[in-house]
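This is a predicted model, so every value here is computed, not measured.
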Amino acid sequence: MERQPFASAANVSERLTQPPALAISTVIFALRPSESSGRPTLWLPLVRRIREPFKGRWALPGGPLTQADSLQDAAARNLRDTTGLAPEYLEQLYAFGGLHRSPSQRVVSIVYWALVQSTEAELARESENVQWFRADRLAELAFDHNQIVDYALWRLRNKMTYGSIAYHLLGETFTLAQVREVYEAVLDRTVDPANFRRQLKHAAHIEPTDLYLQGGKHRPPRLYRYTGTTGPDSAVPPP
């Protein structure tokens with residue numbers, strides 16, 4: 001019995017000399033209707049942990065980094081295995097390596113973020129342990145995943161001010177009102193419709209089509225398409 005404290009101290013000392021484990025996590029954003037208003041809001045899928053630490057708590061999709069995968073391949077595989085999603089937009093976000101992220105051992109997570117269209121999000125696998133949540137109404141997640149989501153939101157909102165990233169949340173064609181709804185959902189504020197429409201119609205790489213959105217009560221709105229580059233590093237002035 002007297003040797004137990006010494007053994008515990010030795011175990012702690014041994015862990016401190018070991019290299020940190022490497023993991024991959026992914027934040028996936030999509031627009032889904034608000035349960036109350038029906039307006040598009042920003043959602044993300046989470047996975048319920050089935051083992052300690054933080055057993056039973058929700059977390060971002062992810063897992064350990066293996067010798068067989070590149071960073072991006074590991075992120076894509078984790079997404080495919082947990083949600084069935086294969087987003088076109090998948091970009092490295094940041095590395096999170098705080099000393100106390102995990103209570104069992106030090107873990108450095110390479111975090112990716114992805115954007116998917118609402119039609120893709122509807123096809124994602126859901127189960128008792130994989131579900132979608134409002135990005136702005138998350139409870140306490142496992143590890144430091146609340147901090148990671150907050151950082152991803154900050155990054156997304158900043159990119160909305162200068163890039164083409166909004167079009168990854170839309171289909172191939174869209175109305176100007178749908179673009180405004182993306183901005184309102186991501187920035188979490190209302191945008192003046194008339195001013196936004198005027199700026200968007202004069203923006204580069206926004207091209208009108210000969211198609212109209214059918215099924216509404218009023219005059220069908222014209223559909224547009226984005227003709228610029230939509231890669232992670234593209235930078236097109238916003239409307």
Side-chain angles (χ1 to χ4, degrees), residues 1-30 42-87 89-116 124-158 232:
M1 297 294 293
E2 294 178 357
R3 294 183 179 180
Q4 187 61 38
F6 176 78
S8 297
N11 291 338
V12 171
S13 178
E14 182 180 353
R15 286 199 300 269
L16 290 175
T17 64
Q18 294 177 346
L22 291 177
I24 296 288
S25 295
T26 308
V27 185
I28 314 164
F29 288 127
L42 209 56
W43 292 65
L44 75 164
L46 297 175
V47 178
R48 194 198 310 270
R49 288 187 57 81
I50 59 175
R51 61 178 64 90
E52 298 293 352
F54 303 108
K55 182 178 180 180
R57 193 174 293 182
W58 293 97
L60 295 168
L65 179 65
T66 68
Q67 296 279 4
D69 291 326
S70 69
L71 295 177
Q72 183 134 341
D73 287 345
R77 177 176 51 79
N78 285 331
L79 283 183
R80 185 172 59 252
D81 291 346
T82 54
T83 66
L85 292 170
Y89 187 98
L90 182 63
E91 180 186 9
Q92 190 173 133
L93 177 68
Y94 200 67
F96 291 80
L99 294 177
H100 306 293
R101 298 185 65 242
S102 173
S104 56
Q105 70 175 126
R106 187 177 182 191
V107 179
V108 175
S109 288
I110 311 300
V111 180
Y112 279 74
W113 64 320
L115 301 177
V116 296
R125 290 196 299 265
E126 291 191 70
S127 66
E128 181 182 356
N129 293 322
V130 180
Q131 295 181 22
W132 287 82
F133 294 83
R134 279 276 298 264
D136 59 347
R137 295 182 182 178
L138 296 178
E140 186 175 358
L141 305 180
F143 305 105
D144 56 353
H145 289 187
N146 290 90
Q147 177 187 347
I148 293 175
V149 173
D150 288 344
Y151 183 83
L153 280 170
W154 175 82
R155 181 79 168 271
L156 176 59
R157 287 164 179 162
N158 274 277

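- With sequence neighbours left out, the ring pair (Phe, Tyr, Trp, His ring centres under 6.0 Å) criterion links W43 to no other residue.
- With sequence neighbours left out, the side-chain contact (heavy atoms from CB on, under 4.5 Å) criterion links A75 to I24, T26, L90, Y112.
- Scored by the side-chain hydrogen bond (donor to acceptor under 3.5 Å, both in side chains) test, R157 finds no partners at all (sequence neighbours excluded).
- Under the salt bridge (charged side-chain N to carboxylate O under 4.0 Å, His left out) criterion, E140 pairs with R57, not counting sequence neighbours.
- Proximity of a side-chain donor or acceptor of R125 to a complementary backbone N or O of L85 within less than 3.5 Å is not detected.
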Test side-chain contact (heavy atoms from CB on, under 4.5 Å) applied to D136 and L153, step by step: CA-CA 9 Å; D136 59 347; L153 280 170; 5.7 Å; no
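- Atoms CG and CD, on L71 and Q92 in that order, are 6.0 Å from each other to the nearest 0.5 Å.
- Remark: side-chain polar atoms of R155 are paired, donor with acceptor, to backbone N or O of L93 under 3.5 angstrom.
- Not a single salt bridge (charged side-chain N to carboxylate O under 4.0 Å, His left out) links R106 to another residue, sequence neighbours left out.
- Between V116 and P87 the shortest side-chain heavy-atom distance falls below 4.5 Å.
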Given I110 and L65, is the side-chain contact (heavy atoms from CB on, under 4.5 Å) satisfied, shown in steps? CA-CA 9 Å; I110 311 300; L65 179 65; 5.7 Å; no
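- Classified by interplanar angle (parallel below 30°, tilted 30° to 60°, perpendicular above 60°), the ring pair F96/Y94 is perpendicular.
- For the side-chain hydrogen bond (donor to acceptor under 3.5 Å, both in side chains) test, no residue two or more places apart in sequence or in another chain qualifies with S25.
- Shown here are the salt bridge (charged side-chain N to carboxylate O under 4.0 Å, His left out) partners of R48, two or more places apart in sequence or in another chain: there are none.
- With sequence neighbours left out, the side-chain hydrogen bond (donor to acceptor under 3.5 Å, both in side chains) criterion links D150 to no other residue.
- In this structure, the separation between OH on Y89 and CZ on F29 is 11.0 Å, given to the nearest 0.5 Å.
- R49 contributes a side-chain N or O that, together with a main-chain N or O of P53, makes up a donor-acceptor pair within less than 3.5 Å.
- Residues passing the side-chain contact (heavy atoms from CB on, under 4.5 Å) test with L138 are L44, L46, F133, L141, N146, V149, sequence neighbours excluded.
- In terms of heavy-atom proximity, S109 sits nearest to R101 at OG-NH1, 3.1 Å.
- Taking the side-chain contact (heavy atoms from CB on, under 4.5 Å) definition, one finds that P45 meets it with I28, T83, W132, sequence neighbours left out.
- At distances below 3.5 Å, at least one donor-acceptor pair connects side-chain atoms of H145 with backbone N or O atoms of L60.
- In this view, D73 satisfies the salt bridge (charged side-chain N to carboxylate O under 4.0 Å, His left out) rule with no residue, not counting sequence neighbours.
- Residues forming a side-chain contact (heavy atoms from CB on, under 4.5 Å) with A21 (at least two apart in sequence, or on another chain): Q105, V107.
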Under the criterion side-chain contact (heavy atoms from CB on, under 4.5 Å), I'd like the reasoning laid out for V27 against L156: C-alpha separation, chi angles, the key distance, then a yes or no. CA-CA 11 Å; V27 185; L156 176 59; over 6 Å; no
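- In this structure, CG in D144 is found 12.5 Å from NE2 in H100, a value given to the nearest 0.5 Å.
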